[in-house]
Amino acid sequence: MTSPIRIIPSSDGALTYAIPFPPEETPAVTARDLLRAWEAARGAAGAEIWGSPRRLVFRRADGEAMELLLADADAACWAEAVDARHGLANPQGLAICLRLLALIEAMGRMARLKGFFTLRATGAELHPALLRAAASLPLDPAGRFDEAGLTALLSRAIPAGAPS
């Protein structure tokens, strides 16, 4: 990760981030940073700070590129909030954003996570073990969490009500 992340604005307002490494090489973050990013993103959504679409273009070691487009209003809003707090043009800020989005995606995709979080209109309650796992588990090449890996990290912290 020696080369900097470059930001390339486009005429339509979208921002392209030229990232010289793949998603699976983003660094681990702290559970505290992830929770603060969640809260900042929720606050941005409440304030209707939607943000610009962002195109994340990752470069693999073999020179191949992988693109992740954050164009829907929610993803753009959450990316905007993380960018304002941490900066997406640095590996740590980018890692916080990617892990936050991967966590949200995993919560919707993985039934086994039920019991590790509660969503209410007034906010979310996230189990500390879920936050720690999302902060430390490497992302896969698509920028998501591997279900088996996430389940393994959480296997010792099964909260009441979680399916087995």
Side-chain angles (χ1 to χ4, degrees), residues 1-110 113 117 124 126 128-150 152-154:
M1 289 189 247
T2 57
S3 300
I5 297 171
R6 290 183 311 124
I7 303 171
I8 306 157
S10 66
S11 60
D12 65 358
L15 299 171
T16 297
Y17 292 77
I19 304 161
F21 52 87
E24 61 270 28
E25 290 182 16
T26 56
V29 302
T30 67
R32 177 175 288 183
D33 278 343
L34 198 56
L35 181 58
R36 286 181 178 156
W38 179 290
E39 291 166 351
R42 189 172 183 289
E48 298 183 2
I49 301 170
W50 301 117
S52 300
R54 286 168 167 80
R55 183 177 295 107
L56 308 178
V57 182
F58 297 90
R59 185 71 51 197
R60 300 197 179 285
D62 63 6
E64 291 291 316
M66 191 282 282
E67 184 175 309
L68 182 62
L69 182 62
L70 308 178
D72 69 83
D74 292 328
C77 174
W78 288 53
E80 179 75 21
V82 175
D83 194 16
R85 184 174 185 96
H86 299 282
L88 296 185
N90 70 73
Q92 197 67 25
L94 180 68
I96 291 168
C97 183
L98 289 176
R99 290 171 183 283
L100 179 63
L101 295 173
L103 175 59
I104 294 163
E105 186 275 335
M107 290 165 59
R109 173 173 52 102
M110 298 179 195
L113 296 184
F117 65 92
L126 304 171
L130 178 60
L131 283 169
R132 284 191 304 273
S136 63
L137 184 68
L139 298 170
D140 69 12
R144 296 170 49 167
F145 290 124
D146 171 68
E147 186 165 357
L150 189 55
L153 281 177
L154 294 173

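Considering only heavy atoms from C-beta on, W38 stays 4.5 Å or farther from L131 through its side chain. Using a 4.5 Å cut-off on side-chain heavy atoms (C-beta onward), P23 and M66 make contact. At a threshold of 4.5 Å between non-hydrogen side-chain atoms, the residues L88 and V82 count as touching. At least one side-chain heavy atom of Q92 sits less than 4.5 Å from a side-chain heavy atom of P27. Counting heavy atoms from C-beta outward, F58 and L94 have side chains that approach closer than 4.5 Å. For the pair L56/T16, no side-chain contact is recorded, criterion being any heavy-atom separation below 4.5 Å from C-beta on.
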Could you go step by step and tell me if V57 and I19 meet the side chain to side chain contact (heavy atoms under 4.5 Å, CB included) rule? CA-CA 6 Å; V57 182; I19 304 161; over 6 Å; no
Let me see the working for L70 and Y17 under side chain to side chain contact (heavy atoms under 4.5 Å, CB included), right down to the final yes or no. CA-CA 11 Å; L70 308 178; Y17 292 77; over 6 Å; no
Under the side chain to side chain contact (heavy atoms under 4.5 Å, CB included) criterion, do R54 and L68 qualify, and how do the steps go? CA-CA 8 Å; R54 286 168 167 80; L68 182 62; over 6 Å; no
Apply the test side chain to side chain contact (heavy atoms under 4.5 Å, CB included) to residues V29 and S136: give CA-CA distance (whole Å), side-chain angles for both, the deciding distance (0.1 Å), then the verdict. CA-CA 6 Å; V29 302; S136 63; over 6 Å; no
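Under the rule for a salt bridge (Lys or Arg N to Asp or Glu O under 4.0 Å), the partners of E67 that lie at least two apart in sequence or sit in another chain are R55.
The two residues A89 and I7 come nearest to each other via the heavy atoms CB-CD1, 3.7 Å. Taking each heavy atom of G51 and A76 in turn, the nearest pair found is O-CB, 3.9 Å. The heavy-atom pair separating I5 from P20 by the smallest distance is CG1-CD, 4.1 Å. A pairwise comparison of heavy atoms in L100 and A41 identifies CD2-CB, 4.2 Å as the closest pair.
Note that the CG atom of L98 and the CD atom of E24 stand 11.0 Å from one another [nearest 0.5 Å]. Atom CZ in R144 sits 11.5 Å away from atom CG in L150 (nearest 0.5 Å). The CD atom of E39 lies 10.5 Å from the CG atom of L34; values are rounded to the nearest 0.5 Å. Between the CD1 atom of I104 and the CH2 atom of W78 there is a distance of 3.5 Å, given to the nearest 0.5 Å. Distance check: S52 OG to L15 CG gives 5.0 Å after rounding to the nearest 0.5 Å. Residue I96 holds its CD1 atom at 10.0 Å from CZ of R36, rounded to the nearest 0.5 Å.
D140 places no side-chain N or O within 3.5 Å of a backbone atom of F145 that could act as its donor or acceptor partner.
Looking at R99 and D33, no side-chain N of the basic residue comes within less than 4.0 Å of a carboxylate O on the acidic one, giving no salt bridge. A salt bridge does not link R60 to E64: none of the charged nitrogens lies less than 4.0 Å from a carboxylate oxygen.
Heavy atoms of other residues, nucleotides or ligands lying less than 6.0 angstrom from CZ of R6 number 12 at most.
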